Amino acid sequence: MSKGKFYITTAIAYTSRKPHIGNSYEIVLTDAIARYKRLQGYDVFFLTGTDEHGQKIDEYAKAAGVSPKAYVDKVAGEIRAICDRLNTTYDKFIRTTDDYHEKAVQKIFQKLYDKGDIYKSEYEGMYCTPCESFWTPSQLKDGKCPDCGGEVHPAKEEAYFLRLSKYQKQLEDYIEQNENFIYPESRKKEMLNNFIKPGLQDLCVSRTSFKWGIPVPFDGDHVIYVWIDALSNYITALGYDPDGSGELYKKYWPADVHIIGKDIVRFHTIYWPIILMALGEPLPKQVYGHPWLLFGEDKMSKSKGNVIYADDLCDLLGVDAVRYYLLSEMPHANDGSITYSTIIERFNSDLANTLGNLVNRTIAMTQKYFGGVLPVNDQCDDAFDPALKDAAMAAVQKADDCMTTYHIADAVEAVMNFAKACNKYIDQTMPWSLAKCEAQKGRLSTVLYNLTESIRFLAVLLTPFMPETAKKIAEQINCDILSYDSLACFGAYPLNHPVGTPTPLFARIDAEKMMAEIEAKQKKAAAKEKTFAEIEGIAQIGIDDFAKVDLRVAEIKDCVPVKRAKKLLQLTLDDGTQKPRTVASGIAKWYKPDDLIGKKVIVVSNLKPAVLCGVESCGMILAADCSEDDVKVVFVDSSMPNGAKVR
RNA sequence: CGCGGAGUAGAGCAAUCCGGUAGCUCGUCGGGCUCAUAACCCGGAGGUUGUAGGUUCAAAUCCUAUCUCCGCAACCA
């Protein structure tokens, strides 16, 4: 029985590097919602994928010494593998380098251009010829180029713009008329007050500074702005085509909800709706900006070897435990945190003790007292029974309320609270005591039946969150009545029906032992990282490339903090020339001026000057990244003369 | 004074909009039970709600100041 269609998407993941566990939250969250909707009978289409264009990827690929395409193929593969490992049921995995997507995006761009909503204009500014850079009047320093201090002249560069201004009123009306469009509420105010009401400026939607993108169809010098490219995936994946869309598109668009991180709400609630309005297509019904998963103790960093990846965690604890943790630990509005000790704690207390033990003890008792088959009886009810049944029905209702507002953690909690109610029911009814008296057999049978039926409720309710566990529970109670509709009333579990064998669902974890293992693993990873990993994959250069870098010994004569900058120190160096050299360095966190004055360092003397927080920096001093959060300047012997060339 | 978020029991969070006995989970301590995975059930201890003022009969909640932490931006040449 279908309740209608439900189209749900994640943001597509940027293929800059392998995602850690925090990045994996979104796909699990979306999967839980998708599974829940399917369970309820919706015709669900669940889309995820990867965003593979842009300057950053171009740069990463260069650093790795491979082509952008080879780079994104590798990372997209890793991302997809993690989605699969997390047992997510996406219906389609789109890549923005897919041929059909690129073609459709070009058509979209063309259509908007033909319609006049994208227009060619000029990016105006002050141009510095030697630096090949544009500057706005406010960036200029005394009317000169802030980079080199040279003359600038007014110049124009052509670019394509999207007419956001035209749709401002229409967007504002849509947001105000559709209360739930931007969710949660707080983000809606943020968008309206900060961006829309002050007035939208037309958006520059093409780039000429790099090539790794989809070319503008009628102007090969430009590539399409990555956000136009990326956002379009929600419709190109369904076969949207300005000249006539496919069946999937007709069936599923508009999206019922876009699940995205809170940092990209702006793109999804301003640019995206306007693109759709310009195309004449309906707008998504809702955009949910979820919070981020942060890291409790230390910051994760490769060099410490403590980056938590979803697949490693799955190896350690099992997929469902990871899903359970992500879904139950993340608050609805605030950022959540993750540590190994909280994962283990939750695993033991919720999964092993509350849930696993409940299933185990119930089935064990059924086997022990009735050989696994509960005889039909006349349902000897007791005072505790209505409370249990009410709790079951309440859990279904509460979970549903929470799921529809995307309070996933609360929905999970509602289900686990019911498991606790079952444990309490066992203590109240004391089956072991009933078993001692033959006259109580009927009552005992009723109690165990109620428990088995309750466990069936749990199996169904847990399906969206822990699909494998739900399946295992169903097997142990030997029951395939698992539809959502079967929760309409208490008592669908068949009478006189054999249960399976009790097998622990989750083995308790010895926290100390596991922490020791993890630490050992991290040490190993950190050691490996320091010696090899950073060096592997770096593109090789020739001696002539190196010769371009001019390194000199210099003495730090003076050092002051830079105003308005947290990380910068301004150094004055004696590099052997007559002229003192000023260099800005981002080491304020680790060094005080007094630590540096009088010391000798190595300076890259022929680096193009740059202005940082108002300070003109001519060159840079060498320093080592000792770990993610520790930097040490390379000091050299004081006997080296200032200005000596280092090679 | 760049923008924003957050400071509540040992830990993680709720209550804050719209003032009215500060709740929940984990841990801890005590008790109970013995079907079960040292599990389960009950109870206790633990908080002058970051700090200082103010408004009020009454402040975690409203106002002012201040400190700290975290994102973003800027910036790590």
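All values reported here derive from a predicted model rather than from experimental measurement. In what follows, chains are A, B, ... by sequence order, proteins preceding strands, each numbered from 1.
- Between Thr354(A) and Lys368(A), it is Lys368(A) whose nearest contact on RNA chain B lies nearer the 5' terminus.
- Within 4.0 Å of Val583(A), counting heavy atoms only, lie sugar-phosphate atoms of the nucleic acid but no base atom.
- Within the nucleic acid shown, Gly619(A) comes within 4.0 Å of sugar-phosphate atoms alone, with no base atom in reach, counting heavy atoms only.
- Of the candidates C35(B), U37(B), C24(B), the closest approach to any side-chain atom of Arg508(A) belongs to U37(B).
- When heavy atoms are screened at a 4.0 angstrom cut-off, Ala435(A) is found touching no nucleic acid atom at all.
- Nucleotides U21(B) and A59(B), compared at atom C1', are 14 Å apart to the nearest Å.
- Within 4.0 Å of Leu505(A), counting heavy atoms only, lies at least one base atom of the nucleic acid.
- Side-chain N/O atoms of Ser585(A) include one lying less than 4.0 angstrom from OP1 or OP2 on A77(B).
- Ion pair Glu475(A)/Lys472(A) not flagged as a salt bridge, since none of the NZ, NE, NH1 or NH2 atoms sits closer than 4.0 Å to an Asp/Glu carboxylate oxygen.
- Straight-line distance between the C1' atoms of G71(B) and A11(B): roughly 22 Å, to the nearest whole Å.
- With Phe418(A) as the aromatic partner, Lys398(A) does not meet the cation-pi criteria of under 6.0 angstrom to the ring centre and within 45 degrees of the ring axis.
- Of all nucleotides listed (C33(B), C41(B), U37(B)), C33(B) comes nearest to the side chain of Trp432(A).
- Rounded to a whole angstrom, the distance from the C1' atom of C33(B) to that of G43(B) is 14 Å.
- Heavy atoms of Asn357(A) sit under 4.0 angstrom from at least one base atom.
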